[in-house]
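One structure, as structure tokens, below. Some questions next.
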Amino acid sequence: MAPVIPGFDYRRVPVADGVSLNAAVAGSGSPLVLLHGFPQTHLMWRHVAADLAVDHTVICPDLRGYGASDKPAADADPAAYAKRTMAADIVALARALGHDRFALAGHDRGALVAFRAGLDHPAAITHLACLDVLPTLDMWDVLHGTTGAVGFHLYLMAQPPGLPERMISACPDDFFGHFLDLWTGDPRAIPADVRAAYLDACRTAVPSIVADYRASAGVDVDHDRADRDGGRRLTMPVTVVQQDWGAALGYDAAAVWRAWADDLEHASVGYGHFMAEEAPADIAKTLRELLAR
């Protein structure tokens with residue numbers, strides 16, 4: 001049996017034609033949706049979700065293409081894994097569970113989905129948190145020279161369909177495990193059973209994970225650029241928490257985010273990338289502070 005978040009009910013919720021999301025739900029009070037990153041599933045929120053479910057309705061889905069959620073083929077629709085499409089999934093999920101308005105927090109890939117939801121669905125998103133990521137357009141802008149090697153996987157999965165999928169499928173545990181090892185500040189934060197669950201989930205989702213990343217080198221850039229050129233901004237209270245990649249890559253992360261958000265709280269922290277697992281009490285406190293704004 002794969003690990004679950006104790007005390008949460010699990011549901012499969014249709015969100016689009018032929019696509020249902022696996023979601024863990026618990027608690028009562030104002031709704032909060034938590035979106036996971038790569039190479040993870042909704043389980044990354046297990047500690048934070050349990051904390052916040054004391055006084056909020058907490059919804060933790062697997063994104064389309066990940067975990068136990070559906071994984072539509074991307075070959076027939078190049079926008080199948082656009083963050084715009086994935087954000088629409090989340091709005092549909094919340095609405096199906098009875099919430100037309102909700103707070104939204106995302107980590108890594110989930111933060112990109114959350115960012116897009118905030119731009120595309122401002123009437124639905126009351127508060128927005130993004131953990132350890134830059135908006136897609138800005139992410140590509142800051143990767144330069146040899147320092148850009150930190151994002152080698154971005155370039156690999158941006159390639160046309162075929163080669164990336166075959167290369168990753170040849171040694172999926174080595175590939176996905178590399179990031180779990182490299183990006184974890186405290187290895188104890190991801191115990192063996194959770195790590196195994198992440199690897200199992202990724203091993204069976206290589207095409208959809210690659211499609212998610214490929215979209216971020218194409219259609220997602222187009223959407224971000226159109227919004228930046230059109231002056232669209234995030235209008236809800238926004239909190240961003242991230243490692244200080246700006247110091248290493250030579251950019252001002254807070255300034256990048258201020259260009260998108262009118263009401264921004266930005267913090268640089270010393271945790272590893274998987275901060276919701278390494279410092280769950282701090283992240284839960286940060287989200288509660290956001291919800292109070």
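Residue numbers run from 1 in the order of the sequence given.
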query: Any side-chain heavy atom of Asp212 within less than 4.5 Å of one from Lys83?
result: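 Result yes, sub-4.5 Å side-chain heavy-atom pair found.
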- prompt: Once you round to the nearest 0.5 Å, how far does CG of Leu156 lie from CD of Glu165?
  reply: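 That separation rounds to 9.0 Å.
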message: Could you measure the distance from the OG atom of Ser20 to the CG atom of Leu93? Nearest 0.5 Å is fine.
response: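 Between Ser20 OG and Leu93 CG, I get 10.0 Å after rounding to 0.5 Å.
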query: Could you go step by step and tell me if Leu104 and Met236 meet the side-chain contact (heavy atoms from CB on, under 4.5 Å) rule?
result: CA-CA 11 Å; Leu104 182 59; Met236 67 290 298; over 6 Å; no
field: Value rounded to 0.5 Å, distance of CG in Leu199 from CD in Gln40
entry: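 Result: 11.0 Å between the selected atoms.
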message: Students often mix this up, so state it plainly: with edges at 30° and 60°, are the rings of Phe274 and Trp183 parallel, tilted or perpendicular?
response: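 Tilted: the ring planes of Phe274 and Trp183 meet at 30° to 60°.
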query: Is a side-chain N or O of His47 found less than 3.5 angstrom from the main chain of Glu277, in a donor-acceptor match?
result: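 No: the side chain of His47 does not pair with the backbone of Glu277.
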- prompt: Which pair of non-hydrogen atoms, one from Leu21 and one from Leu63, has the smallest distance, and what is that distance?
  reply: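 Distance-wise, the nearest heavy atoms are CD2-C, 4.2 Å.
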field: Minimum heavy-atom distance Ala201-Gly67, with the two atoms named
entry: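 In this case the closest contact between Ala201 and Gly67 is CB-CA, 4.1 Å.
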- request: Write down the atom of Leu35, the atom of Gly110, and the distance for their closest heavy-atom approach.
  value: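 That would be CD1-O, 3.5 Å.
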Compile the donor-acceptor pairs under 3.5 Å between side chains in residues 245-254 and protein atoms, sequence neighbours left out, one pair per line.
unit_1: Asp252; atom_1: OD1; unit_2: Ala254; atom_2: N; d: 3.2
unit_1: Asp252; atom_1: OD1; unit_2: Ala255; atom_2: N; d: 3.1

message: Could you tell me if the side chain of Thr126 sits less than 4.5 Å from the side chain of Phe102, heavy atoms only?
response: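 In short, these two side chains do not touch, never coming nearer than 4.5 Å.
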query: Is it the case that one hydrophobic cluster holds both Val33 and Val54, taking links as side-chain heavy atoms less than 4.5 Å apart, direct or via other members?
result: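 Different clusters.
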task: Examine Arg109 relative to Tyr213 and say whether NZ or CZ is less than 6.0 Å from the centre of the six-membered ring and inside a 45° cone about the ring axis.
output: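 Yes, Arg109 lies over the aromatic ring of Tyr213.
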Side chain to side chain donor-acceptor pair (under 3.5 Å): pairs with one or both residues in residues 113-123, sequence neighbours excluded: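 Residue pairs with at least one partner in residues 113-123: Arg84-Asp120, Arg116-Asp120, Arg116-Asp224, Arg116-Asp227.
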- request: Could you list all the side chain to side chain donor-acceptor pair (under 3.5 Å) pairs where at least one residue sits in residues 1-12, not counting sequence neighbours?
  value: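 Checked against side chain to side chain donor-acceptor pair (under 3.5 Å) - neighbours excluded - the pairs reaching residues 1-12 are Tyr10-His42, Arg12-Asp70.
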Check: Tyr81 side chain, Pro72 main-chain N or O, donor-acceptor pair, under 3.5 Å: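 Checked: pair present.
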query: Which atom pair, heavy atoms only, marks the closest approach of Ser268 to His266?
result: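 Result for this residue pair: OG-CE1, 3.8 Å.
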query: Closest approach of Leu291 and Ala103, non-hydrogen atoms and distance?
result: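 Smallest interatomic distance, heavy atoms only, reads CD2-CB, 3.3 Å.
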query: Among Ile283, Leu52, Val58, which residue meets the side chain to side chain contact (heavy atoms under 4.5 Å, CB included) test with Trp45?
result: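 With Trp45 as partner, side chain to side chain contact (heavy atoms under 4.5 Å, CB included) holds for just one option, Ile283.
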query: Nearest 0.5 Å, what's the SG-CG distance between Cys202 and Asp173?
result: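 Answer for the SG-CG pair, Cys202 versus Asp173, is 9.0 Å.
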- prompt: Parallel, tilted or perpendicular: which describes the rings of His273 and His107, with under 30° parallel and over 60° perpendicular?
  reply: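 Geometry flag for His107 against His273: tilted rings.
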task: Answer yes or no: is there an ion pair linking Asp263 with Arg233, defined by an N-O contact shorter than 4.0 Å?
output: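 A salt bridge is absent here (no side-chain N lies under 4.0 Å from a carboxylate O).
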message: Please find the pair of heavy atoms, one from Ser216 and one from Thr136, that lie closest to each other, and give the distance.
response: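 Taking every non-hydrogen atom into account, O-CG2, 3.2 Å.
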task: Identify which one of Glu265, His127, Arg293, Glu289 satisfies the side chain to side chain donor-acceptor pair (under 3.5 Å) criterion when paired with Thr239.
output: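 Result: among Glu265, His127, Arg293, Glu289, Arg293 is the only option passing the side chain to side chain donor-acceptor pair (under 3.5 Å) with Thr239.
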- prompt: Roughly how far, to the nearest 0.5 Å, is CZ of Arg46 from CZ of Phe8?
  reply: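 These two atoms lie 12.5 Å from each other.
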message: Are Leu119 and Leu234 packed together at the side-chain level, in the sense that at least one heavy-atom pair is separated by less than 4.5 angstrom?
response: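 Result yes, sub-4.5 Å side-chain heavy-atom pair found.
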- prompt: With hydrophobic residues grouped by side-chain heavy-atom distances under 4.5 Å, do Val219 and Ile90 end up in a single group?
  reply: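 Different hydrophobic clusters.
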message: Once side chain to side chain donor-acceptor pair (under 3.5 Å) is applied, do any residues pair with Asp193, and if so which ones, sequence neighbours excluded?
response: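 Side chain to side chain donor-acceptor pair (under 3.5 Å) list for Asp193, sorted by chain: empty.
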task: Begin with the C-alpha distance, continue with both residues' side-chain angles, and end with the deciding distance and a verdict on salt bridge (charged side-chain N to carboxylate O under 4.0 Å, His left out) for Lys285 and Asp282.
output: CA-CA 5 Å; Lys285 179 175 181 289; Asp282 288 356; over 6 Å; no
- request: Could you walk me through whether Ile209 and Phe176 pass the side-chain contact (heavy atoms from CB on, under 4.5 Å) test, one step at a time?
  value: CA-CA 11 Å; Ile209 291 174; Phe176 296 113; 4.1 Å; yes
field: By side chain to side chain contact (heavy atoms under 4.5 Å, CB included) - contacts of Arg95 (at least two apart)
entry: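 With neighbours one apart ignored, the set is Val91, Asp100.
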- prompt: What residues, two or more places apart in sequence or in another chain, satisfy side chain to side chain donor-acceptor pair (under 3.5 Å) together with Glu278?
  reply: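 Expected list: none.
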field: Atom pair OH (Tyr198) and CE (Met44), whose distance is rounded to the nearest 0.5 Å
entry: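 Interatomic distance, Tyr198 OH to Met44 CE, rounded to 0.5 Å: 6.5 Å.
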